[in-house]
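Beneath this line is the structure, given in structure tokens, with notes to follow.
This one's a predicted model, so the numbers in the text were calculated from it and none came from an experiment.
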Amino acid sequence: MKRNLFYLLPLLLTLGVACSPKNEVVPVAQPQGNFTGVFGALVKKTTGTGYDTIRDTIALKLTATSSFKVAADTRKHVASYGAFAYNGYYIQFNDSSAVVPGVNKFHLKGVYQYFYDGNVFQMQRNSNGDTLTVQYNLKKTN
């Protein structure tokens with residue numbers, strides 16, 4: 001009996017490996033389309049101690065060719081354009097617009113953690129220095 005179990009063991013192991021669940025790689029959907037929503041940042045106060053909250057509404061267009069455009073200049077965010085790259089966790093923006101000296105507005109540039117479900121597009125970047133965090137909470141418009 002022991003001898004039969006000894007021969008049966010490799011067959012059972014092979015069957016167990018063959019029937020085990022597979023780890024399938026699910027492709028990450030590329031964020032693309034037109035988005036509008038709120039941009040926010042937590043910035044160190046220029047006088048005194050503490051932080052100020054900055055909020056503004058922006059419009060963002062992401063294309064299938066991995067380019068982006070922030071539609072219009074706002075009070076706190078500058079219009080910009082360039083290229084982006086992404087994976088399942090991070091998205092990076094390379095701003096190609098000219099930086100105007102003396103203008104103290106936010107640009108969409110750098111690496112952000114993001115969430116995208118096909119409709120809601122959220123990004124966040126934690127920083128050091130005068131700006132603690134930058135967030136975008138956007139929804140797809142078309």
Once the angle between the rings of F84 and F93 is folded into 0 to 90°, is it parallel (under 30°), tilted (30 to 60°) or perpendicular (over 60°)?
tilted
Between K61 and F68, is any pair of side-chain heavy atoms under 4.5 Å apart?
no
Inter-residue atom distance L42.CG - T53.OG1, 0.5 Å rounding:
5.5 Å
Roughly how far, to the nearest 0.5 Å, is CG of L60 from CE of M123?
6.0 Å
Determine whether Y89 and V111 fall in the same hydrophobic cluster, where Ile, Leu, Val, Met, Phe, Trp and Tyr are linked whenever their side-chain heavy atoms lie under 4.5 Å apart.
yes
Distance-only donor-acceptor pairs under 3.5 Å for side chains of residues 75-82, two or more places apart:
| residue | atom | partner | partner atom | Å |
| --- | --- | --- | --- | --- |
| H77 | NE2 | Y136 | OH | 2.6 |

K140 atom NZ: more than 12 heavy-atom contacts under 6.0 Å
yes
Distance check, rounded to the nearest 0.5 Å: R125 atom CZ versus K109 atom NZ?
7.5 Å
Looking at every heavy atom in both Y114 and Y86, which two are closest together, and how far apart are they?
OH-CD1, 3.5 Å
Parallel under 30°, tilted from 30 to 60°, perpendicular over 60°: which one fits the rings of F35 and Y116?
perpendicular
Verdict with supporting geometry, I91 and F121, side chain to side chain contact (heavy atoms under 4.5 Å, CB included)
CA-CA 11 Å; I91 188 165; F121 185 45; 4.0 Å; yes
Side-chain heavy-atom pair I58, F106 within 4.5 angstrom cut-off:
no
Pairwise distance OG1(T141) to CG(N119) - rounded to 0.5 angstrom
9.5 Å
What side chain to side chain donor-acceptor pair (under 3.5 Å) pairs are there with at least one residue in residues 34-44, not counting sequence neighbours?
N34-N142
What distance do Q32 atom CD and L62 atom CG have between them, rounded to the nearest 0.5 Å?
8.5 Å
Show the nearest heavy-atom pair for residues T74 and T57, with the distance to one decimal.
CG2-O, 3.3 Å
Can any side-chain N or O of Q30 pair as donor or acceptor with the backbone N or O of T63 at less than 3.5 Å?
yes
